[in-house]
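A quick write-up on the structure given underneath.
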Amino acid sequence: MANPDLWAMADLATPWCLHVAVTLRVAEHILAGVSGIQPLALQCGAHAESLHRVLRHLVEKGVFTEPEIGVFALNDAARGLMEPGSRLGFDLTSVGGRMAHSWSTLLQAVQTGEPAYHTIFGRPWWEDLAAHPQVSADFDSLMGPAGHGKPDPDVLINGDWDAVRSVVDVGGGTGSLLSEVLRMHPAVRGTLVDLPSTVARSGEVFAAAGVADRASSAGQSFFEPLPAGADLYLIKSVLSDWPDGDARALLRRCAEAAAPNGRVVIVNGVSPDEERVSPELLMLVLVGGKQRRLSEFRQLAMSAGLEVAVAGYTSTGRFMVECKPLQ
Ligand SMILES: C[S@@+](CC[C@H](N)C(=O)[O-])C[C@H]1O[C@@H](n2cnc3c(N)ncnc32)[C@H](O)[C@@H]1O
């Protein structure tokens with residue numbers, strides 16, 4: 001007989017039940033006062049007995065309570081299902097739904113070393129987002145403060161901002177990090193670079209932060225030439241989205257664009273050599289990207305015309321790498 005722990009670990013029932021409950025907005029309906037299984041199923045557009053079985057499974061796992069048979073109530077875990085930025089959606093118009101389904105391609109990714117996302121969605125991840133504006137908007141929101149909280153503007157290891165007058169945030173999403181950086185440093189101007197549909201959502205982010213007069217945006221690929229001559233190029237949570245060839249091409253664009261004394265700063269994506277590197281399996285499955293060790297990154301940067309000037313922790317305890325163009 002198989003080890004029961006392995007059965008429990010491999011059992012997909014709980015994750016799928018969570019996805020179903022989120023997709024059917026069960027928690028929201030209960031919050032609105034619909035608690036009996038029959039009216040709940042009606043509101044959810046579901047088959048009552050089947051929904052009942054799903055909810056009873058979740059109750060066993062500590063999500064929802066069933067104070068009377070067939071009557072459901074929220075507990076803290078169930079309330080968490082309603083949090084904005086939740087990735088638990090299952091339907092394919094949500095980014096969480098597409099991520100959930102993409103796990104079925106893990107075997108192929110492991111066999112080939114390449115993402116196999118396109119085998120179920122018809123296109124690679126970024127092209128798929130571009131073709132589905134609702135999913136792309138959902139992804140942008142997940143990356144923004146609703147999903148990851150307010151970004152930390154502490155992006156220089158030595159906190160040395162004196163020589164910085166201009167910043168380019170490369171693959172900066174809808175501009176939440178750039179907004180925070182500009183808010184903290186009133187003498188600095190910034191440019192957001194990201195895909196056109198994503199930068200199109202940045203105007204209100206800059207306006208809300210009160211930095212719109214110092215922020216501009218470029219809707220373009222970061223594999224094209226970047227806005228040139230800035231003092232600082234930020235690459236946050238982007239490098240680990242790409243395999244080596246693409247990561248090198250992106251770093252090379254930064255090296256070409258940076259001012260002679262400019263810096264290229266990698267936030268997330270590189271780990272100190274002495275730490276265990278996170279396996280980042282979702283990156284493998286979705287995009288073929290990975291977390292890199294500092295020594296591995298050093299080689300990659302060098303081949304892209306950058307050298308690591310300093311690597312270490314900021315005052316807020318994040319590991320980052322600052323590079324400068326090779327002279
Ligand atoms: C994981 S998100 C990180 C966003 C942001 N830097 C952050 O930390 O929240 C990766 C970003 O890369 C952008 N991106 C993907 N491919 C791109 C390309 N070819 N050119 C420019 N941006 C791209 C995506 O639109 C997305 O905003």
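Indexing begins at 1, ligand by ligand and atom by atom, following the structure's order.
- Of the listed options Glu224, Glu127, Lys236, Lys236 places a heavy atom closest to atom 8 (O) of ligand 1.
- Every atom of ligand 1 with a heavy atom of Gly172 under 4.0 Å away is listed here by number and element: 5 (C), 6 (N).
- Ring planes of His185 and Trp161: parallel class, angle under 30° (limits at 30 and 60°).
- With ring centers used as reference points, Tyr313 lies under 6.0 Å from Phe319.
- For Trp242 and Phe223, the gap between ring centers is short of 6.0 Å.
- Taking 4.0 Å as the cut-off between side-chain N and carboxylate O, Asp152 and Arg318 count as a salt-bridged pair.
- Short contacts between ligand 1 and Phe223, defined as distances under 4.0 Å to a heavy atom of the residue, involve ligand atoms 19 (N).
- Every N/O-N/O distance between Asp241 and ligand 1 stays at or above 3.5 Å.
- Counting non-hydrogen atoms of neighbouring residues, nucleotides and ligands closer than 6.0 angstrom, the CD atom of Glu68 reaches no more than 12 such neighbours.
- Note: no N/O pair closer than 3.5 Å links Trp126 and ligand 1 by distance alone.
- Look at Glu256 and Arg252 and you find no salt bridge, because none of the NZ, NE, NH1 or NH2 atoms lies under 4.0 Å from a carboxylate O.
- Under the 4.0 Å criterion applied to side-chain N and carboxylate O atoms, Asp138 and Arg98 are not assigned as salt-bridge partners.
- Salt-bridge formation is not detected for the pair Glu280/Arg292: no Lys NZ or Arg NE/NH1/NH2 atom is positioned less than 4.0 Å from an Asp or Glu carboxylate oxygen.
- Ranking the protein heavy atoms by distance from atom 2 (S) of ligand 1 puts Met143 SD, 3.7 Å first.
- By heavy-atom distance, the residue among Val238, Thr198, Asp194, Leu195 lying nearest atom 25 (O) of ligand 1 is Asp194.
- The ligand atoms of ligand 1 that sit less than 4.0 angstrom from a heavy atom of Ser237 are 1 (C), 2 (S), 3 (C), 8 (O).
- The protein heavy atom nearest to atom 20 (N) of ligand 1 is Phe222 N, 2.8 Å.
- Both Val26 and Val22 belong to a common hydrophobic cluster when Ile, Leu, Val, Met, Phe, Trp and Tyr are linked at side-chain heavy-atom distances under 4.5 angstrom.
- Of the candidates Pro196, Gly171, Ser240, it is Gly171 that places a heavy atom closest to atom 5 (C) of ligand 1.
- Summary of contacts: the protein heavy atom closest to atom 19 (N) of ligand 1 is Ser221 OG, 3.2 Å.
- Within the structure, the closest approach of Trp125 to ligand 1 does not fall below 4.0 Å when heavy atoms are considered.
- A heavy-atom separation below 4.0 Å is found between Gln220 and ligand 1.
- Not one N or O of Trp242 is nearer than 3.5 Å to an N or O of ligand 1, by distance alone.
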